[in-house]
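Just so we're on the same page: letters track the sequence lines, and every chain starts at 1.
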Amino acid sequence: MAVQTPLIIDAGHFPALLDALARRGYRLVGPAVEDGVIGYTELTGADALPVGWTDEQDAGFYRLKKRADGSFFGYNTGPHTWKRFLYPAVVRLWQARRSGRGWEVAGEEDAGRYALIGVRSCDLHALAVLDRVFLQGVQAEPVYASRRGFAFILAVNCTRAGGTCFCASTGTGPRVTHGFDLALTEVLADDRHYFVAEIGSHVGAEVINEVAPRAASDEETAEAARLVAAAAREMGRTLDTAGFREFLYANYEHPHWERVAARCLACGNCTMVCPTCFCTTVEDLTSLGGEVAERWRRWDSCFTLDFSYIHGGSLRISGRARYRQWLVHKLATLQDQFGVPGCVGCGRCITWCPVGIDLTQEVAALRAACRAV
Amino acid sequence: MVPQPFRLVRTWRETRETFTLEIEPADRVQDLTFAPGQFNMLYVFGKGEVPISISGNPAKPRTYVHTTRMVGAVTKGMGQLGPGDFIGVRGPFGRPWPLKEATGHDVVLVAGGIGLAPLRPALYYILARRSEYGRVVLLYGARTPDDLLYQRELQRWRARFDLDVYVTVDRVTGDWRGHLGVVTLLIPRAPFDPARTAAFICGPEVMMRFTVQELLQKGVPPAKIFVSLERNMKCGMGICGRCQLGPFLVCRDGPVFSFEQIAPLFGKSEV
């Protein structure tokens with residue numbers, strides 16, 4: 001895709017952009033206020049977005065707050081990820097009906113054609129991780145493959161750092177660099193409210209041209225870049241991953257794991273909110289009469305006791321072992337398994353941990369503890 | 001992702017707890033290919049799916065043969081099926097025993113209990129091209145004489161002049177007059193040249209650990225010792241995440257691993 005000059009859409013024309021997507025048959029999904037959080041859900045249009053809202057986040061802390069302005073994207077990430085739509089939490093894989101001594105299977109038809117509105121850079125990198133797992137493995141996973149293939153990505157560059165964000169240190173944001181159809185940076189300055197838009201694909205170009213954008217001036221482009229750079233500088237946490245794989249492999253049995261585990265409740269929240277966690281379980285169900293059988297797939301978590309069940313017992317019983325499995329997988333072994341690191345610096349696991357375990361701090365503490373030995 | 005329908009051709013009891021099934025594709029025309037050491041995900045209607053290694057002859061492409069223990073709802077359901085009933089199959093999955101790479105070597109197969117099932121296809125493969133290998137030794141141990149699998153075949157193998165077969169049991173019952181003791185006790189006397197040997201081991205993980213130690217002590221290099229591991233598997237194809245062992249997915253990078261690959265993890269608790 002050739003680099004084009006950035007364009008400007010005034011805030012007043014932004015709803016028409018979403019309408020253009022809806023007219024093309026996309027189901028709009030994106031951020032909305034619900035249940036006291038900004039989650040990702042089906043949107044009817046731009047006015048369903050959290051206009052004028054922001055979030056305050058810290059370890060184990062999340063609150064919504066009203067802003068003084070009418071920005072569309074003035075917050076960061078919430079407890080939902082785009083997995084919600086591309087790799088749903090509960091999905092029926094197939095249904096079989098008894099026929100003679102065997103059975104006939106009906107596959108599932110999936111009509112998921114989504115426009116993801118407001119995808120942050122961290123989450124875009126997370127999709128790249130899921131692409132490795134689901135599209136480049138032994139066999140392509142059909143539900144993810146179909147939905148991901150059809151998805152329209154309307155990305156948003158963050159102009160403020162969330163309270164638990166650290167994407168700058170993981171090299172995954174705040175600026176989106178590729179993998180989008182359109183990328184917007186929202187600017188509110190001097191009574192003006194507009195978006196600087198970058199085109200990332202042919203479809204993106206077609207859609208944005210329906211709302212008659214104009215070319216961006218140098219000042220407008222510079223202002224957008226300034227805001228995104230400021231967001232990068234604002235981040236209060238860093239994750240130091242240099243040499244981390246080798247370091248973790250050498251310290252599997254360090255006593256520090258006990259210290260973390262003493263706080264971890266093994267509640268699995270982190271795995272539910274992480275945009276790259278992909279583990280699942282499968283359930284086979286039958287109708288009462290036994291005529292119809294279905295296989296369902298559900299999200300699962302390595303923190304559950306039966307995740308590693310084999311031959312009458314579980315391999316990872318202690319909380320220490322289960323926390324270690326999650327952290328080492330996210331930061332080290334996922335890279336060996338799929339060629340990309342698993343953490344994208346979104347900070348969700350820190351926000352949504354009920355006891356506020358902060359993996360950036362745990363990594364630092366582990367390094368310090370191992371050096372002290 | 002959807003199980004393919006297979007028809008049960010024959011099923012028979014091997015021991016008190018184990019049985020074997022032979023299954024053919026429902027359409028009967030497909031030729032099946034698998035490599036020794038691979039497994040299928042077998043589905044029983046309405047009950048569920050389990051990973052079971054293939055234990056038949058890779059040169060016989062018409063059917064899959066599987067030997068399994070009856071341990072849970074799915075395998076117990078499987079044990080109740082009769083000829084003509086259907087089983088769903090996904091696979092074959094997994095990395096097989098490196099048999100081509102082992103040509104020109106002596107080969108030692110060490111099996112514990114039902115671990116002989118994933119090794120049997122390897123032995124069939126070797127015997128079908130016997131001159132490509134050096135000395136071939138099978139060491140097999142089970143808990144009691146009644147738990148020995150494939151007894152008639154074991155006796156036929158023992159009768160060959162180009163194969164050394166040693167069988168032992170942990171505990172004597174009945175009028176057993178053969179070896180007594182764990183299978184690792186057979187290793188020091190087994191006739192193979194450690195410098196030019198490939199070893200394939202399958203059995204309970206603790207048995208594999210001790211077997212590896214004995215082989216290392218005899219001088220077999222870690223890169224030439226191979227084990228077959230098991231972990232919780234729901235998908236068999238590397239997306240459910242449950243079979244992780246450190247940097248490996250056992251369904252995709254295994255179940256066969258060289259000891260050199262997994263040495264840092266083997267024996268670490270709860271990894």
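Interface residue A:Gln139: backbone and side-chain heavy atoms are both found under 4.5 Å from chain B. Contacts between A:Val105 and chain B at a heavy-atom distance below 4.5 Å involve the side chain alone, from C-beta outward. Both the backbone and the side chain of A:Phe278 come within contact range of chain B, judged by heavy atoms closer than 4.5 Å. Heavy atoms closer than 4.5 Å to chain B are found in the side chain of A:Glu253, but not in its backbone. Only the side chain of A:Arg320 has a heavy atom closer than 4.5 Å to any heavy atom of chain B. For A:Leu248, no part lies under 4.5 angstrom from a heavy atom of chain B. Proximity to chain B is limited to the backbone of A:Glu291, based on heavy atoms less than 4.5 angstrom apart. The contact between B:Val271 and chain A is made by backbone and side chain atoms together, counting heavy-atom distances below 4.5 Å. Residue A:Ser308 touches chain B through its backbone alone, counting heavy-atom pairs closer than 4.5 Å. Both the backbone and the side chain of A:Asp306 have a heavy atom closer than 4.5 Å to some heavy atom of chain B. For chain A, the nearby parts of B:Val2 are the backbone and the side chain; heavy atoms of each come within less than 4.5 Å. Only the backbone of B:Ile87 comes within contact range of chain A, with heavy atoms under 4.5 Å apart.
Ranked by heavy-atom pairs under 4.5 Å with chain A, the first of B:Lys47, B:Lys268, B:Arg231 is B:Lys268. In terms of non-hydrogen atom pairs under 4.5 Å with chain B, the most contact-rich of A:Cys279, A:Ala321, A:Gly290, A:Cys277 is A:Cys279. Ranked by heavy-atom pairs shorter than 4.5 Å toward chain B, the options A:Ser318, A:Gly312, A:Ser287 are led by A:Ser318. Taking chain A as the reference chain and counting heavy-atom pairs below 4.5 Å, the highest number among B:Gly236, B:Gly48, B:Pro204 is found for B:Gly48. Most heavy-atom pairs under 4.5 Å with chain A: of the set B:Gly238, B:Gly46, B:Gly84, this distinction falls to B:Gly84.
Applying the 6.0 Å contact sphere to CZ of A:Arg92 captures more than 12 heavy atoms from other residues, nucleotides or ligands.
A salt bridge does not link B:Glu270 to A:Arg324: none of the charged nitrogens lies less than 4.0 Å from a carboxylate oxygen.
Within residues 242-251 of chain B, the residues that have a heavy atom under 4.5 Å from a heavy atom of chain A are B:Arg242, B:Gln244, B:Gly246, B:Pro247, B:Phe248, B:Leu249, listed by number.
Shown here for B:Ile239 and A:Tyr87, the closest heavy-atom pair between the two residues is CD1-OH, 4.0 Å.
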### Task
Take A:Gln337 and B:Arg252, measure what side chain to side chain contact (heavy atoms under 4.5 Å, CB included) needs, and give me the verdict at the end.
CA-CA 10 Å; A:Gln337 293 162 10; B:Arg252 178 195 73 176; 3.9 Å; yes
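Ring geometry for B:Tyr43 against A:Trp103 counts as perpendicular: the plane angle is over 60°, on a 0 to 90° scale with 30° as the lower cut.
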